[in-house]
J.: 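Okay, handing you the structure first.
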Amino acid sequence: LATFNAALEVAVKANRVDDAEKVYQKALAAGIQPDRVMFNSLLLGLGKGGKLQEARALLESSAQMLCFPDRIGYTSLISGLCKASLMDEAQMVLLDMRKAGEIPDIVTYSAIMDGFCKVGKLDKAMELFSQLGSKGCVPNVFTYSILIDSLCKEGNFDGAFRIFNEMLDHCCIPTIVTYNTLINGLCKAKKLEEAWGIFQDAVKQGCTPAVETYNILINAYCNNDQLSNAFRLFHRMWKEKCHPDTVTFNSIIRGLCKMGRVQKGYNLLQQMAQKGCPPTTVTYNTVLDGLCREGDLEEARDLLLEMDTQGVKKDAFTHNTFMAFLLRVGLVEEAFETLKDLLQNGFMPT
RNA sequence: GUUUGAACUCUCGCAGCG
C-alpha cells in the first residue's frame, strides 16, 4: 500500500494524471484496500486533470468502502481544480464539502484564494481574505504570501507591502518564499535595486536564501544586461553552499545568448550534466532561440538532432521557434514539411 | 516525533493593452 501511495504521489506531483489513475487501478487489481491517503492523492490528481466527474465518482466509491472523504481529500480536489483554473468547479466542490459536513480550513481557503489570483481575480481573493475571520480561520504565512505574490505581479507594490506589514503586525513570520514573491515582483518591474534591498532584508531577518531566490535575481540580471551581477550571485551561491540547479543555468544561458554569446551558452549547456544539472527542454529551447536569432541554420539543425540523441523531448516552444525561423529565412517548404510531421505526430499547432 | 492538501524562480510565437 505504501508503495502504491508513493508511486501515486509521484505521478500526481508530475501532473501525470493518467499514470496516477493507472497506479490506482493496479492497486485495486492487486487486491489492495485503498486508504484515505490513496484516495486523497488521487483526488488531487483528478482535480489537476480537471476530471470532476471522475473525482465525484471516487468520492462516492470511497464512501461505499466506508472510507469517507475527509477535509484533506476535499481540499486536495479543490486545490487540483484551482491549479487547472477551474474556479467554478472548485467552488462547487467547496459546497459539496460543506454539505458533507467537512469544515474547510485555512489550507482550503488559501488554495481557493491562490486559484482566484492565478486567473486574475485578485478582487475575489481579497474578498475571501476579508471573510476568513467570519469563517473561523486565521490567515497564515501561506495566505499572506499568495496575496503578496499576486499584488506584486500586477505591480501593486503599495498593496503588497501593506499586506506584508499587516502580516508582521499579526506576528506572522515571513518565510523565504514570502521574500521571494517580493523580490520576484520587483525584478519583473525592473526595480532591481529594491529587489536586492529585500534580499538583504531577508538575510538580515535570518532567512536563508533558497535556490529560487538566487534564480529570481540571476534571471533578472540576465534579462537586464547585467551579466556580471548574475555571475557574482552565481559564485555567491557556491560560497553559501546553495547549489545552482537547471533553472539557474537556463537563466545564465539565456543571458549569454541575449548578449550574442550563443556559443558560450551552448558550451555551458554541455557542462551542465557533469555539474549535476541535466539540460532540459527549456535549456535546449533557449539555445535554439539564440541560434535562430543569429541566423545559424546549421547549428540549429544540429541542436535539434542533439535533442533526439540526448532523449530531450521537444515541445511547442521548440517547434514554434524553429518554424518561425524557417519562415523568416524563406524556407517556407521546409516549414510546412515540419508542420506536416508535427500534425501526424498529434502535435497541436499554435 | 514515519504516508496525503495551500504560496515563489527559467525558454518561443500570436493576440490584446499601454
Side-chain angles (χ1 to χ4, degrees), chain A residues 1-9 12-13 34-45 47 69-80 82-83 104-115 117-118 125 139-150 152-153 174-185 187-188 209-220 222-223 244-255 257-258 265 277 279-290 292-293 315-325 327-328 349-350:
Chain A
L1 178 63
T3 315
F4 282 105
N5 281 348
L8 228 173
E9 202 191 328
V12 169
K13 286 239 159 80
D35 64 354
R36 271 218 170 77
V37 173
M38 182 170 285
F39 286 125
N40 293 349
S41 297
L42 188 54
L43 284 168
L44 177 61
D70 61 2
R71 195 184 60 222
I72 297 185
Y74 279 107
T75 304
S76 300
L77 176 54
I78 289 171
S79 165
C82 288
K83 286 182 174 134
D105 64 5
I106 188 59
V107 176
T108 319
Y109 290 119
S110 297
I112 295 175
M113 284 173 51
D114 188 48
C117 287
K118 299 267 154 79
N140 62 21
V141 61
F142 281 78
T143 323
Y144 288 116
S145 300
I146 288 163
L147 290 179
I148 293 171
D149 179 49
S150 185
C152 283
K153 280 180 176 152
T175 66
I176 190 59
V177 173
T178 319
Y179 287 108
N180 287 349
T181 61
L182 286 166
I183 295 171
N184 185 45
C187 282
K188 293 282 144 74
V211 59
E212 290 88 351
T213 320
Y214 288 104
N215 288 347
I216 289 165
L217 284 160
I218 287 175
N219 185 51
C222 287
N223 277 334
D245 64 7
T246 297
V247 175
T248 321
F249 282 100
N250 290 349
S251 291
I252 292 197
I253 289 173
R254 169 114 212 293
C257 289
K258 244 191 120 229
C277 303
T280 61
T281 302
V282 175
T283 319
Y284 278 95
N285 288 348
T286 305
V287 175
L288 180 66
D289 180 59
C292 290
R293 280 181 204 276
D315 65 6
F317 286 64
T318 322
H319 298 117
N320 267 340
T321 303
F322 190 58
M323 290 201 334
F325 174 55
L327 292 176
R328 186 161 62 81
T350 53

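Just so you know, these numbers come straight off a predicted model, no measurement behind them. In what follows, chains are A, B, ... by sequence order, proteins preceding strands, each numbered from 1. Keep in mind that the numbers below use all heavy atoms, side chains included, and drop hydrogens, waters and symmetry copies.
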J.: Side chain of A/F317, heavy atoms from C-beta onward: which of B/rU11, B/rG5, B/rC8 has the nearest atom to it?
T.: B/rU11
J.: B/rU9, B/rU3, B/rA7: which one has an atom nearest the side-chain heavy atoms of A/N184?
T.: B/rU9
J.: Would you mind reading off the distance between A/R36 atom CZ and B/rG5 atom P, rounded to a whole angstrom?
T.: 15 Å
J.: Is A/N140 side chain donor-acceptor paired with the B/rA6 base, going by distance under 3.5 Å alone?
T.: yes
J.: Which nucleotide wins on minimum distance to the side chain of A/F142, given the candidates B/rU9, B/rU3, B/rA6?
T.: B/rA6
J.: Send over the distance from A/K83 NZ to B/rU4 P, rounded to a whole Å.
T.: 14 Å
J.: So which of A/P174, A/S145, A/C187, A/C152 actually passes side chain to side chain contact (heavy atoms under 4.5 Å, CB included) with A/L182?
T.: A/C152
J.: Quick one: A/L77 CG to B/rU4 P, roughly how many Å, whole number?
T.: 18 Å
J.: Any side-chain N or O of A/R254 below 4.0 angstrom from OP1/OP2 of B/rU9?
T.: no
J.: Give the nucleotide from the list B/rA7, B/rG5, B/rC10 with an atom nearest to the side chain of A/T108.
T.: B/rG5
J.: Would you classify A/R293 as touching base, sugar-phosphate or nothing, given that sugar-phosphate means primed atoms plus P, OP1 and OP2, and contacts are heavy atoms under 4.0 Å?
T.: sugar-phosphate
J.: Can you tell which of B/rG5, B/rC10, B/rC8 lies closest to the side chain of A/S79?
T.: B/rG5
J.: Starting at CD1 of A/I216 and ending at P of B/rU11, how long is that distance when rounded to a whole Å?
T.: 12 Å
J.: Is there a donor in the side chain of A/N180 and an acceptor in the side chain of A/T213, or the other way round, less than 3.5 Å apart?
T.: yes
J.: A/N223 vs A/R254, test: side chain to side chain donor-acceptor pair (under 3.5 Å). Steps then yes/no.
T.: CA-CA 8 Å; A/N223 277 334; A/R254 169 114 212 293; 2.6 Å; yes
J.: With heavy atoms under 4.0 Å as the rule, sort A/S110 into base, sugar-phosphate or nothing.
T.: base
J.: Would you mind telling me which of B/rU4, B/rU3, B/rC10 lies closest to the side-chain atoms of A/N40?
T.: B/rU4
J.: Looking only at the side chain of A/T75 (C-beta and beyond, no hydrogens), which of the listed nucleotides B/rG5, B/rC12, B/rC8 gets closest?
T.: B/rG5
J.: Rounded to whole angstroms, how far apart are CE on A/M38 and P on B/rU4?
T.: 13 Å
J.: Starting at atom CG of A/N223, determine the distance to atom P of B/rU11, rounded to an integer number of angstrom.
T.: 6 Å
J.: When all nucleic acid strands are considered with a 4.0 Å heavy-atom cut-off, which category describes A/K118: base, sugar-phosphate, or nothing?
T.: sugar-phosphate
J.: Does A/K13 put a side-chain nitrogen or oxygen below 4.0 Å from OP1 or OP2 of B/rG5?
T.: yes
J.: Any sub-3.5 Å donor-acceptor pair from A/K188's side-chain atoms to A/K153's backbone N or O?
T.: no
J.: Without decimals, in angstroms, what is the distance between A/I176 CD1 and B/rU9 C1'?
T.: 12 Å
J.: Is a side-chain donor or acceptor of A/T143 paired with a backbone partner of A/N140 at a separation under 3.5 angstrom?
T.: yes
J.: Do A/T286 side-chain atoms and A/V282 backbone N/O form a donor-acceptor pair below 3.5 Å?
T.: yes
J.: Ignoring backbone atoms, establish whether A/K153 has a side-chain N or O less than 4.0 Å from OP1 or OP2 of B/rU9.
T.: yes
J.: Please work out if A/T248 contacts a base, only the sugar-phosphate, or nothing of the nucleic acid, heavy-atom cut-off 4.0 Å.
T.: nothing
J.: Counting heavy atoms from C-beta on, name the nucleotide in B/rC12, B/rU11, B/rU3 closest to the side chain of A/N285.
T.: B/rU11
J.: I need the CG-P distance between A/N320 and B/rA15, as an integer number of Å.
T.: 13 Å
J.: Between B/rU11, B/rU4, B/rA7, which one does the side chain of A/T175 approach most closely?
T.: B/rA7
J.: Nearest to the side chain of A/R71, which nucleotide is it out of B/rG13, B/rA7, B/rG5?
T.: B/rG5
